[in-house]
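Here is the structure we will look at.
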Amino acid sequence: MGVVPKIMHHVSRIDESAATTPAPYEQRSTGFRRATYVDGAMGSVHMGVGVCFLAPGGRIETHVHSFEESIYILEGSVTVQISGDHETLGPGHFGLIPTGAAHSWRNVSDQPARWLEMQAPQPRSSEYGRDTFFVEADTSGASIARFGHFDESQLPRPGGESQMEGFNPTTGVAIKMFVDRSFGAIHQSLFLIQYMPGAKIDPHDHTFEESYLIVSGRVSATADGSTYDLGPGDVIWTSVGCIHTFVNAGTEPVRWIETQAPLPPAKEVFRFERDWVHLG
């Protein structure tokens with residue numbers, strides 16, 4: 001009997017109608033739901049990723065996590081309170097909430113809010129243990145979280161100097177780092193990537209997991225030898241060792257929000273097949 005190839009990726013699509021309120025939040029939030037697209041159920045061991053939804057007037061009470069959390073606001077407006085600070089965030093805002101930082105969320109607008117939420121180390125299953133704890137609000141000091149805002153002027157010129165450690169500029173590819181080692185992250189990275197028409201990256205793998213949420217355009221993604229045509233709302237996760245590649249074969253740019261965990265090394269971030277094929 002031959003060896004069955006190991007599948008080291010997962011493809012799905014964000015479905016707001018399937019979003020649910022996570023069990024720890026059921027009695028400590030209103031109007032909050034989450035559509036998870038990366039967790040242990042699909043083979044991941046390093047990250048938990050999903051899209052959060054908060055209805056107008058909704059809230060999440062003050063809590064802490066035993067993991068690090070990064071966010072990217074996709075739609076609407078939310079207010080996060082951390083220590084004595086309040087931050088009102090809208091589309092394009094991103095942030096890093098350190099492990100153990102007490103924070104709460106509110107949507108004081110009349111429109112729904114939606115954001116990507118990345119968690120590392122991976123949250124525990126309810127059967128294994130707790131990692132989210134609701135606490136009294138802490139207003140004693142300045143926030144230790146960090147936030148920023150992305151606009152079009154910040155997108156690097158395709159082929160220009162890379163913002164990602166260990167990544168050499170590739171024709172037609174632009175990367176805008178949001179959360180990484182220089183931003184204070186310990187366990188993860190979060191960034192936006194754009195491929196212009198015709199841009200591609202050669203087959204490669206990593207020592208870390210990655211997730212990709214397509215936000216505009218279309219891309220051809222190949223993982224473990226299977227190819228997928230992905231568009232807005234589609235997501236793909238690749239594990240450690242999954243050989244994957246992306247090609248923009250269309251006529252419009254494609255963008256996605258990407259997460260990585262564990263935090264990539266400063267060197268030897270990519271293992272390209274092309275660098276070793278000549279050895280047979």
Side-chain angles (χ1 to χ4, degrees), residues 14-39 47-124 126 130-150 178-179 183-185 187-188 190 211 213 215 257 259 261:
I14 299 299
D15 181 3
E16 182 177 355
S17 67
T20 60
T21 303
Y25 298 82
E26 288 177 347
Q27 304 302 317
R28 308 303 294 265
S29 69
T30 57
F32 172 61
R33 295 176 298 133
R34 189 175 193 268
T36 297
Y37 62 88
V38 178
D39 62 9
M47 65 171 70
V49 196
V51 172
C52 296
F53 303 87
L54 193 60
R59 64 180 177 85
I60 305 172
E61 295 179 12
T62 305
H63 58 287
V64 300
H65 302 296
S66 63
F67 49 77
E68 187 178 71
E69 185 173 36
S70 63
I71 60 163
Y72 182 82
I73 309 299
L74 298 165
E75 179 185 33
S77 174
V78 290
T79 298
V80 58
Q81 177 176 320
I82 302 183
S83 298
D85 293 340
H86 291 78
E87 296 280 349
T88 298
L89 311 175
H93 277 103
F94 55 89
L96 173 68
I97 301 174
T99 304
H103 59 289
S104 63
W105 298 88
R106 288 186 180 274
N107 180 355
V108 298
S109 75
D110 60 358
Q111 298 295 320
R114 182 169 57 98
W115 68 91
L116 181 152
E117 181 179 71
M118 162 66 174
Q119 303 162 332
Q122 185 179 86
R124 295 171 175 156
S126 59
R130 296 179 62 193
D131 50 28
T132 296
F133 306 88
F134 287 86
V135 298
E136 294 298 319
D138 177 12
T139 59
S140 59
S143 170
I144 57 174
R146 291 191 65 185
F147 298 96
H149 184 264
F150 168 74
F178 297 148
V179 174
F183 200 74
H187 298 291
Q188 60 181 284
L190 170 76
S211 78
L213 168 62
V215 293
I257 305 297
T259 71

### Task
Identify the heavy atoms of Ala102 and Val135 that sit nearest to each other, and give their distance.
CB-CG2, 4.2 Å
#### Entry: Minimum heavy-atom distance between Ile82 and Ala145, given as atom pair plus value
CD1-CB, 3.4 Å
## Note on the structure
Applying side-chain hydrogen bond (donor to acceptor under 3.5 Å, both in side chains) to Ser29 and not counting sequence neighbours gives none
### Task
Check side chain to side chain contact (heavy atoms under 4.5 Å, CB included) between Asp39 and all other residues, then give those that pass, not counting sequence neighbours.
Thr36, Ala41, Met42
### Message
Give me each pair satisfying salt bridge (Lys or Arg N to Asp or Glu O under 4.0 Å) with a member in residues 68-84, each pair once, sequence neighbours excluded.
### Response
Glu75-Arg114
### Euclidean distance, Thr259 OG1 relative to Gln119 CD, rounded to 0.5 Å
10.5 Å
### side chain to side chain contact (heavy atoms under 4.5 Å, CB included) partners of Pro22, counting only residues at least two apart
Pro24, Tyr25, Phe32, Arg34
Kindly list each side-chain donor-acceptor pair under 3.5 angstrom involving residues 52-61, sequence neighbours excluded, with atom names and distances?
{"residue": "Arg59", "atom": "NH1", "partner": "Glu61", "partner atom": "OE2", "Å": "2.9"}
{"residue": "Glu61", "atom": "OE1", "partner": "Arg28", "partner atom": "NE", "Å": "2.6"}
{"residue": "Glu61", "atom": "OE1", "partner": "Arg28", "partner atom": "NH2", "Å": "3.0"}

### Task
Can you sort out the partners of Tyr72 under ring pair (Phe, Tyr, Trp, His ring centres under 6.0 Å), two or more places apart, ordered by chain and number?
Phe178
#### Entry: Those residues that, when tested against Arg106, pass salt bridge (charged side-chain N to carboxylate O under 4.0 Å, His left out) (two or more places apart)
none
### Query
What closest approach, in Å, do Val38 and Ser211 show between heavy atoms, and which atom pair accounts for it?
CG2-CB, 3.8 Å
## Note on the structure
With sequence neighbours left out, the residues meeting side-chain hydrogen bond (donor to acceptor under 3.5 Å, both in side chains) with His149 are none
### Residues forming a side-chain hydrogen bond (donor to acceptor under 3.5 Å, both in side chains) with Ser104, sequence neighbours excluded
none
### Query
Between Ala101 and Ile97, what is the shortest heavy-atom contact and its length?
CB-CG2, 4.0 Å
#### Entry: Contacts of type ring pair (Phe, Tyr, Trp, His ring centres under 6.0 Å), residue Phe183, not counting sequence neighbours
Phe94
### Message
Let me confirm one number: the CD1-CD1 distance from Ile71 to Ile257, rounded to the nearest 0.5 Å.
### Response
12.0 Å
### Task
To the nearest 0.5 angstrom, please state how far the CG atom of Leu213 sits from the CD1 atom of Ile14.
6.0 Å
### Query
At their closest point, which heavy atom of Val179 faces which heavy atom of Ala185, and how far apart are they?
CG1-CB, 3.7 Å
### Query
Out of curiosity, Asp85 CG to Phe147 CZ, how far, rounded to the nearest 0.5 Å?
9.0 Å
### Message
Let me confirm one number: the CZ-OG1 distance from Arg33 to Thr20, rounded to the nearest 0.5 Å.
### Response
9.0 Å
### Message
I'd like to check the side-chain hydrogen bond (donor to acceptor under 3.5 Å, both in side chains) partners of Ser77; sequence neighbours left out, ordered by chain and number.
### Response
none
#### Entry: CD (Glu26) with more than 12 external heavy atoms under 6.0 Å
yes
### Query
Hey, does the side chain of His63 reach the backbone of His103 with a donor-acceptor pair shorter than 3.5 angstrom?
yes
### Query
If you look only at pairs with a residue in residues 87-102, which of them pass as a side-chain hydrogen bond (donor to acceptor under 3.5 Å, both in side chains), with sequence neighbours excluded?
Thr79-Thr88
